[in-house]
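Side chains included, hydrogens not; waters and symmetry mates left out as well; all remaining heavy atoms used.
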Amino acid sequence: MHTRFLYLLRHAKAESATLQSSDEDRALSNRGIDDAKKLATKLIKKEIRFDLILTSPAIRAITTAQIISNQLDHKQRFLEVDKKLYQADSTSLLAIARRVHKKIKSVMLVGHNPALEDFVLLIAGESVLIHTCGLIELSFEFKDWKDLDKASLVKMRLLN
């Protein structure tokens, strides 16, 4: 078996919704930008890297992912926008994770609540609270991501 890491990141704090813009177009607030930079610094110190980052198409999620990816000096090709991450539910998130290529050992999904919290409950059997820019690390033992729903959770930890 192989240890695989699934990271779930709730986008950083966004500007409040307005009548002039859609929910998907909401930008990060100054606090959100600062929080994403601080999280990236923590990940560098902990030597945590990702083979792949999948992000919701919402501006706040893309920007959060880009800040972290840039500070970790990832190549842009490792950051992909997945339209299915926006307004996903827990079973949609499972389907997205199960489609990850088996060569990928570490993937981060950048998305939204309540889907992320519901997904943790689904695959880990534990209820968690994920604040904005909150990152959860889940580790499993399996050979292929398609087996994620059959795998037992080895470890879960909040990284910030």
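Leu94 is listed as a side-chain neighbour of Ile123, based on a closest heavy-atom distance under 4.5 Å. You'll find the side chain of Leu138 stays beyond 4.5 Å of the side chain of Phe119, heavy atoms only. Proximity of Ser139 to Lys155: side-chain heavy atoms (C-beta onward) are separated by under 4.5 Å at one or more points. Considering only heavy atoms from C-beta on, Leu52 comes within 4.5 Å of Glu80 through its side chain. Side chains of Arg157 and Ile136 form no contact here, defined as non-hydrogen atoms less than 4.5 Å apart. You'll find the side chain of Leu43 reaches within 4.5 Å of the side chain of Leu135, heavy atoms only. Residues Met156 and Glu137 have side chains not in contact (no heavy-atom distance under 4.5 Å, counting atoms from C-beta outward).
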Please step through side-chain hydrogen bond (donor to acceptor under 3.5 Å, both in side chains) for the pair Asn113 and Glu117, ending with a clear verdict. CA-CA 6 Å; Asn113 268 345; Glu117 292 175 349; 3.1 Å; yes

Trace of the side chain to side chain contact (heavy atoms under 4.5 Å, CB included) decision for Asp147 with Phe140: CA-CA 10 Å; Asp147 299 323; Phe140 299 90; over 6 Å; no

For Leu158 and Val128: C-alpha separation, side-chain torsions, deciding distance, then whether side chain to side chain contact (heavy atoms under 4.5 Å, CB included) applies. CA-CA 9 Å; Leu158 184 63; Val128 295; over 6 Å; no

Full working for side chain to side chain contact (heavy atoms under 4.5 Å, CB included) between Val120 and Leu8: CA-CA 9 Å; Val120 173; Leu8 303 174; 3.5 Å; yes

Given side chain to side chain contact (heavy atoms under 4.5 Å, CB included), test Leu85 with Val110 step by step and report yes or no. CA-CA 8 Å; Leu85 280 166; Val110 183; over 6 Å; no

For the pair Thr3 and Glu141, evaluate side-chain hydrogen bond (donor to acceptor under 3.5 Å, both in side chains) and give the outcome as yes or no after the intermediate values. CA-CA 5 Å; Thr3 302; Glu141 292 289 332; 2.4 Å; yes

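Summarising the geometry of Ser29 relative to Glu15, their closest heavy-atom pair is CA-OE2, 3.3 Å, with the distance given to 0.1 Å. Here the closest heavy-atom approach between residue Gly32 and residue Ala12 is recorded as O-CB, 3.3 Å. Scanning both residues, Lys102 and Arg4, for their nearest heavy atoms gives O-NH2, 3.2 Å. When all heavy atoms are compared, the tightest approach of Leu153 to Ala124 is CD2-CB, 3.6 Å. Heavy-atom minimum distance, Gly134 versus Ile130: O-CG2, 3.5 Å.
Checked against salt bridge (charged side-chain N to carboxylate O under 4.0 Å, His left out), Arg10 has no partners two or more places apart in sequence or in another chain.
Under a cut-off of 6.0 angstrom, the local environment of NZ in Lys83 is sparse, with at most 12 non-hydrogen atoms contributed by other residues, nucleotides or ligands.
With values rounded to the nearest 0.5 angstrom, Arg99 atom CZ is found 13.5 Å from Trp145 atom CH2. Separation of atoms OG (Ser90) and CG (Leu116) is listed at 10.5 Å; rounding is to 0.5 Å. To the nearest 0.5 angstrom, Thr63 atom OG1 is 11.0 Å from His11 atom NE2. From Leu109, atom CG reaches atom OG1 of Thr55 across 9.5 Å, with rounding to the nearest 0.5 Å. Note that OG1 of Thr64 and CE of Met108 are 9.0 Å apart. Values are rounded to the nearest 0.5 Å. Taking CD1 of Ile68 as the start and SG of Cys133 as the end, the distance is 5.5 Å to the nearest 0.5 Å.
With salt bridges taken as basic N to acidic carboxylate O contacts below 4.0 Å, one links Arg98 and Asp149. By the 4.0 Å N-to-carboxylate-O rule, Asp34 lies too far from Lys38 to be salt-bridged with it. Taking the charged nitrogens against the carboxylate oxygens, Arg60 and Asp23 do have a contact shorter than 4.0 Å, which makes a salt bridge.
Ring geometry for His112 against Tyr86 counts as perpendicular: the plane angle is over 60°, on a 0 to 90° scale with 30° as the lower cut.
By the rule that hydrophobic residues join a cluster once side-chain heavy atoms approach within less than 4.5 Å of another member, Leu72 and Phe5 end up as members of one cluster. By the criterion of side-chain heavy atoms lying less than 4.5 angstrom apart, applied directly or through intervening Ile, Leu, Val, Met, Phe, Trp or Tyr residues, Ile33 is not grouped with Leu79; the two fall into different hydrophobic clusters. Under the 4.5 Å side-chain contact rule for hydrophobic residues, Val100 and Val81 do not share a cluster. Taking hydrophobic clusters as Ile, Leu, Val, Met, Phe, Trp and Tyr residues chained together by side-chain heavy-atom distances below 4.5 Å, Ile44 shares a cluster with Leu9.
Each of Ile59, Ile62, Ile67, Thr132 was checked for a side-chain contact (heavy atoms from CB on, under 4.5 Å) with Leu28, and the lone residue meeting it is Ile67.
Note: Tyr7 and Phe50 meet the aromatic proximity criterion, with ring centroids under 6.0 Å apart.
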